[in-house]
Structures are given as structure tokens and as C-alpha cells.
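One structure is given below, encoded as C-alpha cells.
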Amino acid sequence: MACARMVKHLRLPLLLLLLALAAECNSMSPPEKPDKLGCRSPDKETFFCWWTPGSDGGLPTVHHLYYKTEGQENMRQCPDYHKAGSNSCFFSKTSIWVEYTVIVEASNALGNTSSDPLTFDLMNIVKPFAPENVTVVVNIEDSPHLTIQWHTPSNIDTKSGWVTLKNQLRVKPDKSKIWKNYASETQTHFTIYSIDLGVVYMVEVRCAIDNSWSEWSNTTFVKVPNFSRKDNSFWILVFSLCLIPLLAAMIILILKRKTVKKYILPPVPSPKIRGVDVQLLKSGQSEDVINAMLLNQRFPVMIPWKDQKEDYLIVSDKETSYLPLEKKKIFILPLAMALDSEVQSKETSEVDHFPKDSESSSEESSDKTESSQLLTKCSSANVLNDEKANQLKGVTEKIFQPFGICGYVDIPRHEHMQEADYSRVNEVNGDNILIMKKENIPHTLDTQGQEGSVPDNYSMVKEVNSDNVVFLEKHSESVNASFKAKGYIDWVNQKPKNLHMTGHSEMGVCPQLVGCEYVDTVPPPAVI
Amino acid sequence: NCPLSLLVSVVLVGLLCLVFCSQPTSLDAAPLCTNAEAGCHVLSLANLFDRVIQHSARMHSISNDLHSEFELYFLPSKNQIGRVSRNCHTSNILTPNGKENAQRMAREELTEVILKLLVAWRDPLWHFHQSMTHFHDFIDFSSNKSLKMSDMVHELRKGVQKVVEKMQMLGILSNSVSSLMSPEAFLAPGSAEWRLMKDYELLYCFRRDSNKVQNYLKILKCRIVPEDGC
């Protein structure tokens with residue numbers, strides 16, 4: 001009886017004990033609180049949160065996320081649990097510059113457990129994703145460089161200015177430990193030039209929104225080839241091609257250096273005398289010098305100067321001339337005229353004066369345009385007695401006989417009319433008799449020479465018979481036919497006393513007769 | 001190698017040319033001109049926008065650094081993050097809280113918001129800098145940052161005003177913004193709240209507001225002058 005009562009009292013605790021034991025063996029409990037809450041906004045417009053669930057307590061547990069913004073009282077539930085993956089919540093409609101408070105709650109059959117709240121502002125959780133599609137191209141044509149390109153993560157609105165992206169990349173050789181950073185502001189491409197050949201490079205890119213950087217992208221490996229065969233051979237070819245024409249030009253220049261020198265520095269012409277051999281002169285021998293200087297020379301032919309017209313200068317003695325300032329005329333005897341030696345000897349003393357007078361007369365006659373040619377080499381000049389000459393009226397002259405090449409003087413013509421007495425030939429008897437008229441015909445003869453009136457041939461007066469008979473000599477051919485009759489026969493009729501009255505003597509010459517004068521104003525051509 | 005050295009030399013020459021030929025782009029060096037004043041190079045609107053955006057980015061980065069340093073120095077426990085957000089003195093300024101909201105906002109409104117924010121922070125930052133001088137430890141590595149930050153707010157405000165004037169001149173912006181140019185107009189009643197904020201909260205709030213300014217400016221630029229960079 002007492003035993004049964006004891007079992008009744010012990011039944012409930014025993015049952016509880018059994019239940020407790022059973023419960024411990026199965027371990028069911030409410031869930032642990034979720035942990036490690038995090039939220040992130042990749043584009044400053046949306047964000048998502050995640051958590052790490054704790055143990056579920058052996059029972060199926062469900063997690064809920066509740067949030068509230070600053071100024072709200074009630075918690076709201078997460079709008080999207082799936083978009084961001086498991087154990088996450090995605091917020092598409094957000095507000096910035098407001099505080100969010102987020103709590104995650106785990107619940108199961110046995111209970112709920114909430115996590116610690118997380119408060120944040122959207123501007124603080126901005127962190128973009130890493131860039132995508134990073135491509136690296138190696139180029140070693142001109143100079144080795146890497147061209148890197150990438151894409152920014154999608155859904156980032158830079159157009160409205162809401163988001164400003166910055167980019168950064170880093171490169172390091174495979175074996176090295178140090179990264180080299182390069183900043184690329186808003187570009188999505190970059191070129192690196194300082195790379196070495198034959199090295200494997202690692203390239204990574206990241207981007208930032210408002211100074212908040214993303215993670216680095218996946219590493220891209222690239223190998224730079226070791227040696228550019230094509231590059232080198234190209235340059236060798238170019239170099240050798242350039243060298244060949246250069247060498248050829250140099251060889252040509254050296255071979256033709258003299259020509260080149262002549263072309264570049266042309267020789268300066270030095271003065272040269274034609275016909276003179278400088279080398280011969282330099283050699284110094286006298287014969288050669290003479291040869292060089294003279295023999296080879298061709299002297300120009302000298303033509304003797306001749307004047308067509310010549311006037312003769314009257315040369316008179318200083319004392320006897322009473323026409324000092326007048327022009328004088330001169331009479332020149334023809335060559336054939338043989339004045340005998342007594343004439344010659346008398347007047348040799350006059351020869352000395354000759355040049356003087358002729359000079360003075362030439363001065364006096366300088367008015368005349370005709371030039372005077374004086375020949376002083378007149379050793380054989382014959383001059384008449386000047387006494388006789390003085391007695392002549394109107395004319396004083398000196399007569400000189402030209403022998404050979406001397407004795408001709410050009411005289412200036414003078415217009416002074418000379419008075420001369422002439423007798424006109426009345427009648428010619430026979431060959432050599434001239435009968436004169438008695439009257440005196442004072443007429444002046446033009447000294448210019450009326451050529452028409454002067455006969456071509458002359459005859460010498462042999463004898464003057466009376467007042468009006470003159471005997472002419474027979475040999476008229478003695479007179480040089482080449483003489484032009486320019487002059488005239490001057491008869492001295494007025495002073496018959498002076499005339500040498502001889503008989504019919506054959507006298508070729510009447511030296512004492514001043515009147516016996518022949519005038520020949522044309523010089524022989526051979527006079528020099 | 002011959003071509004490589006030639007290329008390098010050409011690149012160097014080109015770089016030198018760029019350096020000497022390009023205009024200075026730093027905000028501190030060249031003054032901003034509105035009209036073609038003598039000796040003043042007139043900048044395009046896009047250029048002006050780029051300058052102010054760069055400036056705001058620098059400002060935000062400094063504020064971020066300061067905040068992190070402060071947190072590290074004074075409040076090591078992590079859980080303090082974000083607890084003080086409600087007490088920002090600029091909470092009463094309605095600001096768009098998202099991309100779509102900012103895009104939907106009119107240009108004039110957005111510009112006003114930017115200017116309001118900048119104006120609201122001028123005094124608090126100055127006082128923050130003053131208070132920081134008392135913390136001798138903090139001064140060692142942060143004091144110049146706080147001073148720089150307060151200067152930058154001032155400069156940025158002037159820069160944004162220049163941009164607004166240029167836009168108004170070009171007819172892009174209506175003249176309704178001009179009435180809000182004076183700083184006092186922006187200060188709402190109760191603006192002395194900032195004096196009650198703790199320094200840490202101040203830094204937190206400013207970090208957020210500087211980010212807002214930067215983003216709003218970028219949105220504006222790509223909406224008005226959508227040239228390169230958008």
C-alpha cells in the first residue's frame with residue numbers, strides 16, 4: 001500500500017525528467033542572432049545588406065530584415081530578399097543623407113532572435129564594384145608598350161552628375177613585389193610605355209566613387225615578347241642602304257678630287273700677255289727674254305700718215321720778211337729743176353734758219369686750218385738769194401729745192417690777195433716764143449689756185465727778149481707730169497732790169513731771175 | 001631608340017606648352033570676374049562650375065577627415081555613429097534626399113538650397129575653430145584643418161554667388177534668387193541652436209551638408225552646362 005502511493009508522487013517529476021532528457025538529446029532551440037551585418041551601395045542609388053545567420057536551433061528558421069529611416073517610428077521589412085543573393089536584402093528605393101537603421105531577425109518555432117542594429121547613411125556605404133572586361137594588349141612595334149582597357153561597372157549614372165568615377169590601375173612584373181600605380185581619371189583606357197621585354201606583367205584596375213575605392217579587378221597576366229627580330233633587321237637594312245651611296249659618293253669625290261677642287265674653288269685668272277710666254281721669262285736667259293718679249297710680237301702695221309691735201313708753208317728769213325704776220329706762200333721747185341750749185345752754196349747758210357722760220361711762219365700761219373708738215377731734214381734745200389728776194393714786190397719767199405725726200409712744207413693758205421703783175425700772152429710763136437701784151441693787168445690771182453686756168457704743163461722761160469717776148473725752153477717734159485697745176489707762173493714784168501737779158505742762150509735755168517719761178521704746189525707722192 | 005626619344009621630347013615640349021599656355025585653374029590664384037573687367041579673364045560658366053565643384057569636393061574631404069579624426073580621438077566606440085543626426089541645426093532647410101528629388105527640383109530652388117546651407121555654416125565653423133584651440137592635443141594635427149574649413153565655406157559661398165550671377169546674366173536663372181544673397185536672410189529664427197550642439201555633432205552635420213552641397217552643384221552643372229565631365 002505505501003509503495004503504490006510513492007510511485008504516484010514520483011510519476012510527474014519522472015516524466016518531466018524523461019522529457020528533459022529527451023529534449024536534450026534532440027537540441028532544438030530558437031535561432032542564434034544573425035551576425036555580421038553589412039550594407040553596400042555600388043552606385044549611390046541602391047544598396048543591399050547582408051548578414052551571416054547563426055545556428056538555427058535545430059528547427060527551420062526564417063530571417064527577416066527590418067529597417068527604418070531617421071524620423072520614422074515603425075520598422076519596415078526588406079523589399080527584396082533575392083536580388084542580392086541569399087541572406088541579403090536589396091533596396092532599390094533609397095534616400096541619401098538620412099540615417100538607416102537595419103535589424104535582422106531570425107525566427108523559428110522556438111523563438112526569435114534579433115541581431116544588433118546597424119545604422120548608416122547611404123553616402124557612407126558607397127563602394128563601387130571592380131571594373132570588368134580588363135584587356136591588356138602588348139605592342140612592341142615602335143616601342144614596347146601595354147594598352148589596357150576596361151569597362152566601368154554597369155548601372156552607374158555619371159551622366160546626370162550624380163556619380164563621378166575615378167580610375168586607377170596598377171602593374172607589376174611577375175617576380176616583383178612592388179606595384180606601380182597609375183591614375184586614369186575618367187578614362188577607361190591607359191597605355192604604359194615603361195615595360196621591359198621578356199617579362200610577365202600583372203595588371204589590375206579599380207575605380208572609385210567620391211573617394212571610395214572598389215576592390216581591385218581580377219589580375220590579368222601578359223607576357224612581353226623577348227626580342228623583335230623584325231625591328232632589328234629593319235634598322236640594319238636601312239642603315240646598310242644608307243651607307244652604300246654614301247661610300248660611293250666618297251670614293252667618287254676622292255678619285256675626282258681635282259675636278260671637285262676646281263669646281264668648288266675656281267682658279268683665279270691671272271693677267272697674261274698675249275704672245276709672251278711667262279715660263280720663258282722666268283727661266284731668265286736673255287735670249288729667251290728677247291724672244292719672249294719681242295719676236296713673238298706682231299706689231300701692228302703702221303701706215304704712214306698721208307694727207308690728201310697739203311699746203312706748203314712759206315719759210316722766210318726773219319730779217320727779210322716784211323710780211324711778218326702774213327701768211328706766206330711757199331714755192332716748191334720740182335725735182336727736176338736743177339738749180340745749180342751756186343745757188344746751193346749761197347744759200348746753205350740759210351738752211352739753218354730754215355727750220356726756225358718755218359716754225360715761226362707756221363706759227364703765224366696757224367690761223368689757217370690746214371696743217372703744216374715740216375720736214376727739217378732738208379740738207380739739200382736750196383734757197384735763193386734773199387737780196388733778190390727783197391726786191392720783189394709783194395712777195396718774199398725763199399725758194400728751196402727739194403731733193404729727194406726733203407724740203408716740202410705745207411703752207412697755210414692765206415687769202416691775202418697778192419698783187420702780182422702779170423702779162424697776158426698775146427701770141428705764141430712757134431714752140432717757145434711768147435709774145436706778151438704790154439698792158440699790165442694787175443689782177444690778183446686767187447691763191448686758191450684756179451686749176452682750170454692753169455695749164456697742166458709748164459715751160460721754162462728761156463729768155464726774155466724784150467718787153468713782150470719770152471722764149472720758152474723746149475723740154476716741157478722735164479716738168480713732172482704728175483704735178484698738178486695748182487700754182488701759177490709768176491711773171492715779173494715790172495722790173496725788167498732785173499731780168500737777166502741774155503740772148504737766146506740756152507739756159508735752162510735763170511737763177512737770177514726771181515721771176516723764173518715755177519710753182520708746183522703738189523708735192524711728189526714719194527715724199528716722206 | 002631614335003623614335004622613342006623623339007616621341008618623348010615631343011611629349012615634353014607639348015607638356016611644357018600646356019603648362020605655360022593653359023590658364024591657371026586654382027581657385028585661390030585667379031579672381032572670378034563677372035563682366036569683362038580690365039585685367040580679368042572672363043571664364044565660361046562651365047569653367048566656373050568646375051571651380052566651385054572642385055572647391056566643394058575639397059571642403060567635403062577635409063570635413064570627412066576632421067570627423068574621422070575627431071571620432072578616433074574622442075569617441076573610440078563604434079556604436080556612437082549616427083546617433084546624433086537629429087540635432088543638426090540645418091535640419092529645417094528642406095533638402096532633396098535623392099537623385100530623383102534633386103533632379104525634379106527647379107534650378108532656382110536648388111541654388112537657393114545650396115546658398116542657404118553655405119550661409120548657415122559660416123558662423124558655426126568659425127566658432128568651432130575657436131573652440132578647438134582650447135584642445136591642445138587636437139590642435140596638433142587638426143587645428144589648421146578647422147580653420148581651413150571655415151575659410152573654405154566662406155570662399156565657396158562667394159564662388160557660388162558668382163556662378164549665380166553669371167547664370168542670371170545669361171538668363172538661365174531667374175532673378176528670384178538675388179533676394180536671398182544676404183546671409184542674414186538665411187538665418188531662420190532659432191538659429192542659435194548650433195551653439196548647443198556638441199562639437200562632434202557639428203562635425204557630423206557639416207560632413208553631411210558639405211556632401212549635399214557638392215552633389216547639388218554637380219547636378220546643377222550637368223543640367224545647365226552638360227559638357228565634359230557629365
Side-chain angles (χ1 to χ4, degrees), chain A residues 41 43-47 69-72 91-102 116-126 140-145 156-166 185-187 191 193-195 197 208-212 228 231-232 234-235 238-239, chain B residues 1-8 11 49-50 53-54 57-58 60-61 64-65 67-68 78-88 90-91 95-103 117 204-205 207-230:
Chain A
S41 168
D43 52 7
K44 212 156 94 175
E45 287 177 63
T46 63
F47 70 91
T69 58
E70 164 188 347
Q72 284 173 352
F91 295 82
S92 56
K93 296 264 183 223
T94 61
S95 302
I96 193 168
W97 304 306
V98 290
E99 288 251 320
Y100 276 83
T101 310
V102 164
D116 293 332
L118 182 68
T119 55
F120 59 89
D121 192 336
L122 195 143
M123 78 172 184
N124 297 329
I125 59 163
V126 172
I140 47 171
E141 285 305 309
D142 301 326
S143 61
H145 60 271
I156 287 179
D157 181 15
T158 50
K159 247 191 183 169
S160 65
W162 187 244
V163 171
T164 312
L165 266 181
K166 272 196 303 189
E185 290 297 314
T186 51
Q187 290 175 327
T191 313
Y193 283 94
S194 58
I195 59 169
L197 298 170
I209 295 173
D210 296 347
N211 274 333
S212 175
S228 171
D231 188 36
N232 266 0
F234 172 72
W235 285 112
V238 167
F239 186 68
Chain B
N1 229 354
C2 265
L4 179 63
S5 58
L6 185 70
L7 183 71
V8 166
V11 165
F49 259 117
D50 285 338
I53 288 166
Q54 272 178 37
R58 268 164 53 201
H60 172 66
S61 120
N64 206 8
D65 295 342
H67 178 266
S68 314
K78 262 196 310 190
N79 297 333
Q80 300 280 342
I81 298 170
R83 295 233 178 119
V84 295
S85 59
R86 298 170 238 165
N87 295 336
C88 283
T90 52
S91 308
T95 58
N97 287 333
K99 186 181 87 170
E100 289 85 11
N101 292 345
Q103 282 177 328
L117 287 170
Y204 181 86
C205 292
R207 183 170 81 146
R208 195 160 74 175
D209 287 345
S210 61
N211 202 358
K212 282 185 188 178
V213 165
Q214 185 186 358
N215 278 279
Y216 296 155
L217 282 171
K218 284 201 279 184
I219 294 274
L220 257 185
K221 189 235 172 182
C222 288
R223 204 200 297 181
I224 292 169
V225 278
E227 278 138 29
D228 59 334
C230 290

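Within every chain, numbering begins at 1; the chains are lettered A, B, ... in the order of the sequence lines, protein sequences first and strands thereafter. Note that the structure is predicted; figures quoted are calculated from it, not measured.
Heavy-atom pairs under 4.5 Å with chain A were tallied for B:Q214, B:K212, B:R223; the largest tally goes to B:K212. Between chain B and the residues A:V98, A:V163, A:T164, A:I96, the most heavy-atom pairs under 4.5 angstrom are made by A:I96. Ranking A:D157, A:L118, A:T94, A:N211 against chain B, the residue ahead of the rest is A:D157, based on heavy-atom pairs under 4.5 Å.
Heavy-atom distances place no part of A:T186 under 4.5 Å from chain B, backbone and side chain included. At a 4.5 Å heavy-atom cutoff, A:T101 makes no contact with chain B through either its backbone or its side chain. Looking at A:K93, neither its backbone nor its side chain comes within 4.5 Å of chain B, counting heavy atoms on both sides. Looking at B:K221, neither its backbone nor its side chain comes within 4.5 Å of chain A, counting heavy atoms on both sides. Heavy atoms closer than 4.5 Å to chain A are found in the backbone of B:P96, but not in its side chain.
Note that NZ of B:K218 and CG of A:D210 are 4.5 Å apart. Values are rounded to the nearest 0.5 Å. Within the model, atoms CE of A:M123 and NE2 of B:H60 stand 5.5 Å from one another, a figure rounded to the nearest 0.5 Å. Put simply, CZ on B:R208 and CG on A:D121 are 6.5 Å apart, with the number rounded to the nearest 0.5 Å. Within the model, atoms CG of B:N215 and CH2 of A:W162 stand 5.0 Å from one another, a figure rounded to the nearest 0.5 Å.
For A:D116, the side chain to side chain contact (heavy atoms under 4.5 Å, CB included) partners two or more places apart in sequence, or in a different chain, are A:K33. Scanning for side-chain hydrogen bond (donor to acceptor under 3.5 Å, both in side chains) contacts around B:N64 gives B:R207, with sequence neighbours left out.
Considering every non-hydrogen atom in both B:C222 and A:G161, the closest pair reads SG-CA, 3.6 Å. Heavy atoms only, all atoms of each residue included: B:P3 and A:W235 are closest at CG-CZ2, 4.3 Å.
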